[in-house]
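Just so it is clear, the model here is predicted, and its values are computed rather than measured.
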Amino acid sequence: SYYSSPLLLCYLYRKGSVCVCVRSYSLWHSLLLSPFPSLSGWGRWRNSEYQQFISILEETRKNHTPSNKVTLLWQQLVNSWALLSKAGVSLLKPEPKLRGAADSVLNSLRTLPCHIVSFLIAHSFGRRILYPGSVYLLQRAMRPMLQQGQARLIEECEGQRNKLVACDGNEIDTMFVDRRREEGLHGQTLVICCEGNAGFYEVGCMNTPLEGGYSVLGWNHPGFAGSTGVPFPQNEANAMDVVIQFAVHKLGFQLSDIMVYAWSIGGFTASWAVMSYPEIQALVLDASFDDLLPLALKVMPDSWRPLVTHTVRQYMNLNSAEQLCKYQGPVLLIRRTKDEIITTTGPEDIMSNRGNNLLLKLLQFRYPKVMTDDGVRAIRAWLAASNHVEEAAVYSSYEVDDDWCVSVLQSYKTERDVFFPWSVGEDMTPEGRRQLALFLARKYMRNFDSTHCTPLPYSEFAAPWGL
């Protein structure tokens, strides 16, 4: 057109209008666009991933090592996958007590201060005490170790890092190591690892199944390292859900090819997973507990007991045993004989280990006719043994016949083929119940002579027993 012709530019130049136009354009351009670099810089400063990238970049410039180069590369090459369903997943909740309308209103008013204080405790120091791995100072102190662990998984194990978006919007940082193409017995099985309250997949329990040649998928709790959000029970379940969906729909594993392995507090999300996805092949719980409340009461003053009970049940109800009893598949519990974290008195009192309660609750649900007073008494005697020699002595003192126990259980399963709970042991003698109870206890639990935080060697890791 005429207005875009070079002749028009020459005409304006001769009239002296070009300089005026350029000055005016430059002024308006500066006024309109000058805020945008500041906004962009502020946005990057607020972005935790960008800050992490810059810190790794500076570290790489100062210390130009191969591990830093690999970590820097993978900070830029992170895949993302969003959960298609936007509906929140469900948790088991305590049954509400039935009250009259007037009683309900009066009770609500009376307990309102307790509800407010519980909310404040749970959302301030309570959550940070329960999940210290979500505290920024701890993450900052561990950052070099986490970067090295991530680089090792990528460089040596050919790990694939992915960010998954859960239904609550939290981004869950994951690491997948694929062993399906390698020769071996375990590569076709995927082990999903659930870390403890200060554990990260970079340096956590996923190293144990990796040693055994399994395909492994590790993930970090919400608010841990590369994951966003805060680790409340609902967010934990949402994170576990998107990890399983990712394993099935993107990685191509069947639920029957997935085993869940958890350490410590990770038993909550692991038990939720097998409860919600009962087709999962098996579950291994290491140094885990049945319920958070007894452990919370242990560290709080006795005068706080009602407040602690209300806070845990309302906001931090990690009811692993209740969820575990909803699962029908094989289970293995690993108890640390010198555990100093999940004991309610001290590591020297092995009978206060909450893993004992987890075992008893599971067996009492699955085999109620076997777990009579005689059966429970025999198992408690076995649980009191602090080493393998004492365990064997208790086991032999009851003259347990393993072949007879297997034949009884196999015969019951063949004839009935029913879901738990089983009625096996209903017409059995007390001696037979004691034998069967001890046999089941030894199959469902094995001891590891160590403290709570010692990494589990692969020699102690095994697929759960099943008929």
Side-chain angles (χ1 to χ4, degrees), residues 205 208-209 211-212 261-264 267 282-290 294-295 321 330-364 366-367 370-409 425 428-467:
C205 65
T208 299
E211 290 181 22
Y261 167 50
W263 173 63
S264 190
L283 172 66
V284 178
L285 297 180
D286 176 23
S288 197
F289 53 85
D290 62 322
L295 299 173
V331 177
L332 174 63
L333 308 178
I334 300 175
R335 182 182 66 161
R336 309 291 184 102
T337 57
K338 298 176 182 177
D339 201 309
E340 72 282 13
I341 302 297
I342 64 168
T343 49
T344 53
T345 57
E348 67 283 349
D349 183 11
I350 196 172
M351 288 305 293
S352 69
N353 189 311
R354 296 305 301 187
N356 301 337
N357 302 76
L358 186 59
L359 173 68
L360 289 171
K361 289 178 180 179
L362 178 62
L363 294 182
Q364 285 171 339
R366 291 191 169 190
Y367 312 97
V370 175
M371 296 297 290
T372 58
D373 292 341
D374 290 332
V376 172
R377 195 177 300 113
I379 290 180
R380 287 190 179 278
W382 179 78
L383 290 172
S386 58
N387 55 62
H388 295 297
V389 175
E390 293 180 4
E391 286 177 43
V394 173
Y395 201 75
S396 61
S397 67
Y398 282 91
E399 299 180 349
V400 180
D401 186 344
D402 289 359
D403 294 335
W404 175 80
C405 292
V406 170
S407 65
V408 169
L409 294 171
M428 200 173 287
T429 63
E431 181 184 358
R433 292 195 189 100
R434 286 192 293 266
Q435 284 194 49
L436 199 54
L438 276 176
F439 173 82
L440 290 168
R442 199 166 74 160
K443 291 298 183 183
Y444 275 84
M445 175 178 277
R446 58 189 302 176
N447 286 325
F448 176 41
D449 186 22
S450 182
T451 57
H452 186 80
C453 296
T454 303
L456 185 74
Y458 175 67
S459 59
E460 298 293 331
F461 181 86
W465 169 80
L467 286 172

Selection residues 433-454 - residue pairs positive for ring pair (Phe, Tyr, Trp, His ring centres under 6.0 Å), sequence neighbours left out: Trp263-His452, Phe439-Trp465
Does Lys338 have more than 12 heavy atoms from other residues, nucleotides or ligands lying within 6.0 Å of its NZ? no
Could you please spell out the steps behind the side-chain contact (heavy atoms from CB on, under 4.5 Å) verdict for Ile341 and Arg336? CA-CA 10 Å; Ile341 302 297; Arg336 309 291 184 102; over 6 Å; no
With sequence neighbours excluded, give me every salt bridge (charged side-chain N to carboxylate O under 4.0 Å, His left out) pair touching residues 428-444. Asp374-Arg434, Asp402-Arg442
Donor-acceptor pair between Asn447 and Glu391 side chains, under 3.5 angstrom: yes
Of all heavy-atom pairs between Tyr395 and Leu438, which one has the smallest distance, and what is that distance? CE1-O, 3.7 Å
Find the distance between CE (Met428) and OG1 (Thr372) and round it off to the nearest 0.5 Å. 10.5 Å
Cut-off 3.5 Å, side chains only: do Arg335 and Asn353 have a donor facing an acceptor? no
Using modelled atom types and a 3.5 Å cut-off, is there a donor and acceptor pairing between side-chain atoms of Arg446 and backbone atoms of Ala462? no
Does the pair Leu333 and Leu358 meet the rule for a side-chain contact (heavy atoms from CB on, under 4.5 Å), with working shown? CA-CA 8 Å; Leu333 308 178; Leu358 186 59; 3.9 Å; yes
Test side-chain contact (heavy atoms from CB on, under 4.5 Å) on Arg380 and Asn356; report intermediate values, then the result. CA-CA 8 Å; Arg380 287 190 179 278; Asn356 301 337; over 6 Å; no
Rounded to the nearest 0.5 Å, what separates atom CD1 in Ile342 from atom CZ in Phe289? 8.0 Å
For Arg366, all residues meeting salt bridge (charged side-chain N to carboxylate O under 4.0 Å, His left out), sequence neighbours excluded: none
Nearest-0.5 Å distance, CG of residue Asp286 to OG1 of residue Thr208: 7.5 Å
Enter the distance from Leu360:CG to Leu383:CG here, rounded to the nearest 0.5 Å. 6.0 Å
Spacing of CD belonging to Gln435 relative to CG belonging to Asp401, to within rounding of 0.5 Å: 6.5 Å
Listed partners of Tyr261 passing ring-ring contact (aromatic ring centres under 6.0 Å, His included), at least two apart: Phe461
Answer yes or no: is there a donor N or O on one side and an acceptor on the other, between the side chain of Ser396 and the main chain of Ala393, under 3.5 Å? yes
Note: Pro209 and Cys205 closest approach over all heavy atoms is CD-O, 3.2 Å
How close do Leu436 and Cys405 get, heavy atom to heavy atom, and via which atoms? CD1-CB, 3.7 Å
Scanning both residues in full, the closest heavy-atom pair of Gly267 with Ala262 reads N-CB, 3.7 Å
So, the side chain of Thr429 versus the backbone of Gly432: is there a donor-acceptor pair under 3.5 Å, distance only? yes
Are any side-chain N or O atoms of Glu460 and backbone N or O atoms of Leu456, one a donor and one an acceptor, separated by less than 3.5 Å? no
Nearest 0.5 Å, what's the OG1-CG distance between Thr337 and Asp449? 3.5 Å
Donor-acceptor pairs under 3.5 Å, side chain of residues 343-351 to any protein atom, not counting sequence neighbours: which ones?
residue : atom : partner : partner atom : Å
Thr343  : OG1  : Asp339  : O            : 3.2
Thr345  : OG1  : Asp349  : OD2          : 2.9
Thr345  : OG1  : Ser352  : OG           : 2.9
Asp349  : OD1  : Met351  : N            : 3.4

Taking all non-hydrogen atoms of both residues, which atom of Val370 and which atom of Ala437 are closest, and how far apart? CG1-N, 3.7 Å
Residues two or more places apart in sequence or in another chain: which of them pass ring-ring contact (aromatic ring centres under 6.0 Å, His included) with Trp404? none
Looking at every heavy atom in both Met371 and Leu363, which two are closest together, and how far apart are they? CG-O, 3.5 Å
Step by step, would you call Leu409 with Leu440 a side-chain contact (heavy atoms from CB on, under 4.5 Å)? CA-CA 10 Å; Leu409 294 171; Leu440 290 168; 3.7 Å; yes
